[in-house]
Amino acid sequence: AKENGRGKFCVFANEMNQRVFEYLWLDTNLRKALELEQLVVYYQPKLDRDGEVRSAEALVRWNSPERGLVPPGDFISYAEESGLIVPLGRWVMLNVLQQIVQWRNEGIYLRVAVNVSAKQLLNQSIYTDLKQALNEAGLTDCPIDIELTESCLIENEAGALTLMKQFQELGAQVHLDDFGTGYSSLSQLARVPIDAIKLDQSFVRNINKQPVAQSLVRAIVAVAKTLDLQVIAEGIETKAEEKFVMTNGVDGRQGYYYAKPMPAEQLGHWLAKHPA
Ligand code: C2E
Ligand code: CA
Ligand code: CA
Ligand code: CA
């Protein structure tokens with residue numbers, strides 16, 4: 001038993017070491033990545049009820065010379081902890097706006113949904129950055145939507161609510177991401193300024209396995225309709241999942257079944273081939 005305990009401690013210490021090492025590695029390298037423009041924005045199309053694609057979600061990746069294409073799950077939480085998410089988020093926002101302008105020059109009109117972390121809502125900078133970038137890009141409309149999670153409401157609720165309203169006044173829609181996980185409650189929906197909820201992938205994953213998941217989706221859609229909110233289902237991977245959400249009042253859909261996130265140029269080609 002003693003041996004066993006000691007072994008466990010070693011494993012634990014080893015894991016700690018690895019985590020500290022990873023933190024330090026990210027601390028130098030992610031900062032550099034931002035300066036050296038190693039980040040790249042991928043886009044995943046979002047389909048409306050009629051099958052048209054009028055918007056896409058921006059999902060950042062890191063093209064690391066050492067590690068290859070690094071997914072956001074490997075560095076976003078570090079960026080949030082270190083505060084680097086603020087300049088990183090600004091970079092994403094500016095990059096997306098440039099891309100939108102370029103697409104317009106090619107005759108492609110798309111809105112883009114940008115993910116925003118709780119830390120980015122602790123001050124006004126993400127809002128002022130967006131406003132300024134719209135001006136600089138010469139855009140009179142606001143083709144950006146904001147995806148945020150309920151955790152944004154926990155750290156600084158008053159500030160977050162104010163910013164959400166400001167985004168809406170600017171012409172951005174505000175979408176509540178990962179809905180149904182964490183602290184979300186249906187009653188909460190009535191008092192937050194949002195335009196849509198994105199059903200968490202876990203619901204879609206269970207639709208054809210657990211009858212209760214079906215009931216939950218139906219209940220959420222019913223409440224959302226009452227509050228005049230759109231419902232977007234993400235993580236759709238199969239025809240059966242599509243069928244279920246389409247016959248149960250979901251307004252928008254997104255997932256590998258249609259397309260994985262891809263670089264901007266590729267999305268242009270995908271759109272040209274996509275039958276609306
Ligand atoms: P999210 O906002 O919930 O994004 C959805 C994630 O699910 C994305 O992972 C997407 O590639 C993946 N996905 C889409 N369709 C499917 C599907 O059909 N099946 C499965 N299994 N997965 C699917 P990704 O790109 O790795 O992003 C992970 C998370 O990183 C995002 O979750 C978001 O919270 C965060 N993130 C990404 N880009 C940014 C950013 O620019 N800023 C911030 N603050 N967070 C970001
Ligand atoms: Ca999202
Ligand atoms: Ca999500
Ligand atoms: Ca998420």
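Indexing begins at 1, ligand by ligand and atom by atom, following the structure's order. These values consider heavy atoms only, across backbone and side chains, with no hydrogens, waters or symmetry-generated copies. Position 1 is the first residue of the sequence; numbering continues from there.
Between the Ca ion (ligand 3) and Asp200 there is no N/O/S contact shorter than 3.0 Å.
The nearest pair of heavy atoms linking Val221 to Asn248 is CG1-O, 3.4 Å. Between Phe203 and Gly180, the shortest heavy-atom distance links the atoms CE1-CA, 3.6 Å. Taking each heavy atom of Arg54 and Asp50 in turn, the nearest pair found is NH2-OD2, 2.8 Å. Heavy-atom minimum distance, Leu130 versus Cys142: CD2-SG, 4.3 Å.
The atoms of ligand 1 that sit less than 4.0 Å from any heavy atom of Glu234 are 3 (O), 5 (C). Below 4.0 Å from some heavy atom of Ile236 lie the following atoms of ligand 1, by number and element: 18 (O). The atoms of ligand 1 that sit less than 4.0 Å from any heavy atom of Val92 are 41 (O). Within ligand 1, the atoms closer than 4.0 Å to a non-hydrogen atom of Asp178 are 3 (O), numbered from 1 in the order shown. Ligand 1 places these atoms under 4.0 Å from at least one heavy atom of Gln120: 44 (N). Taking a cut-off of under 4.0 Å to the non-hydrogen atoms of Ile85, the atoms of ligand 1 that pass are 44 (N).
No salt bridge links Arg253 with Glu52; every basic N to acidic carboxylate O contact stays at or beyond 4.0 Å. The pair Asp251-Lys225 meets the salt-bridge criterion, since a charged nitrogen lies less than 4.0 angstrom from a carboxylate oxygen. Salt bridge status for Arg191 with Glu157: present, with a side-chain N to carboxylate O gap under 4.0 Å. In summary, Glu242 and Lys239 engage in a salt bridge, as defined by a charged side-chain N under 4.0 Å from a carboxylate O. A salt bridge links Glu234 with Lys198: the distance from a Lys NZ or Arg NE/NH1/NH2 to an Asp or Glu carboxylate oxygen falls below 4.0 Å. Between Arg205 and Glu237 there is a salt bridge, since a side-chain N of the basic residue sits under 4.0 Å from a carboxylate O of the acidic one. Between Asp141 and Arg104 there is a salt bridge, since a side-chain N of the basic residue sits under 4.0 Å from a carboxylate O of the acidic one.
Summarising the local packing, CG of Asn105 is surrounded by more than 12 heavy atoms from other residues, nucleotides or ligands at distances under 6.0 Å.
At a 4.0 Å heavy-atom cut-off, ligand 1 does not touch Lys260 at all. The residue Val114 has no part lying near ligand 1, judged by heavy-atom distances below 4.0 Å. With a 4.0 Å cut-off on non-hydrogen atoms, Pro261 touches ligand 1 through its side chain and not its backbone. For Asn115, heavy-atom contacts with ligand 1 shorter than 4.0 Å involve the backbone as well as the side chain. Residue contacts with ligand 1, taken as heavy atom pairs separated by less than 4.0 Å, involve Gln44 solely via side-chain atoms from C-beta onward. Residue-level proximity to ligand 1 for Arg61 is carried by the side chain, the only part with a heavy atom below 4.0 angstrom. Contacts of Thr149 with ligand 1, taken as heavy-atom pairs under 4.0 Å, are absent altogether. Proximity of Leu88 to ligand 1, defined as any heavy-atom pair under 4.0 Å, is not found for any part of the residue.
Distances between N or O atoms of Glu147 and those of ligand 1 include no value under 3.5 Å. Considering backbone and side-chain atoms together, Glu80 places no N or O closer than 3.5 Å to any N or O of ligand 1.
Atom OD1 is the N/O/S atom of Asp177 found closest to the Ca ion (ligand 3). Taking the Ca ion (ligand 2) as reference, Glu57 places its N/O/S atom OE2 nearest. Looking at Glu147, its N, O or S atom nearest to the Ca ion (ligand 2) turns out to be OE1. Residue Asp178 approaches the Ca ion (ligand 3) most closely through its N/O/S atom OD1. Sorting the N, O or S atoms of Glu234 by how far they are from the Ca ion (ligand 3) puts OE2 first.
For the residue pair Gln124 and Gln166, a side-chain donor N or O sits within less than 3.5 Å of a side-chain acceptor on the partner.
Side chain of Glu241 to backbone of Thr238: a donor-acceptor contact under 3.5 angstrom is found.
Note on ligand 1: Gly235 sits in its first shell, one or more heavy atoms being nearer than 4.0 Å. No heavy atom of Lys198 sits closer than 4.0 Å to any atom of ligand 1. In this structure, Glu57 has a heavy atom closer than 4.0 Å to ligand 1.
The residue from Thr181, Val96, Leu148, Val60 that puts a heavy atom closest to atom 38 (N) of ligand 1 is Val60. The heavy atom nearest to atom 21 (N) of ligand 1, considering only Glu237, Met93, His175, is found in Glu237.
No side-chain heavy atom of Asn115 sits under 4.5 Å from any side-chain heavy atom of Val92. Proximity of Met262 to Pro45: side-chain heavy atoms (C-beta onward) are separated by under 4.5 Å at one or more points.
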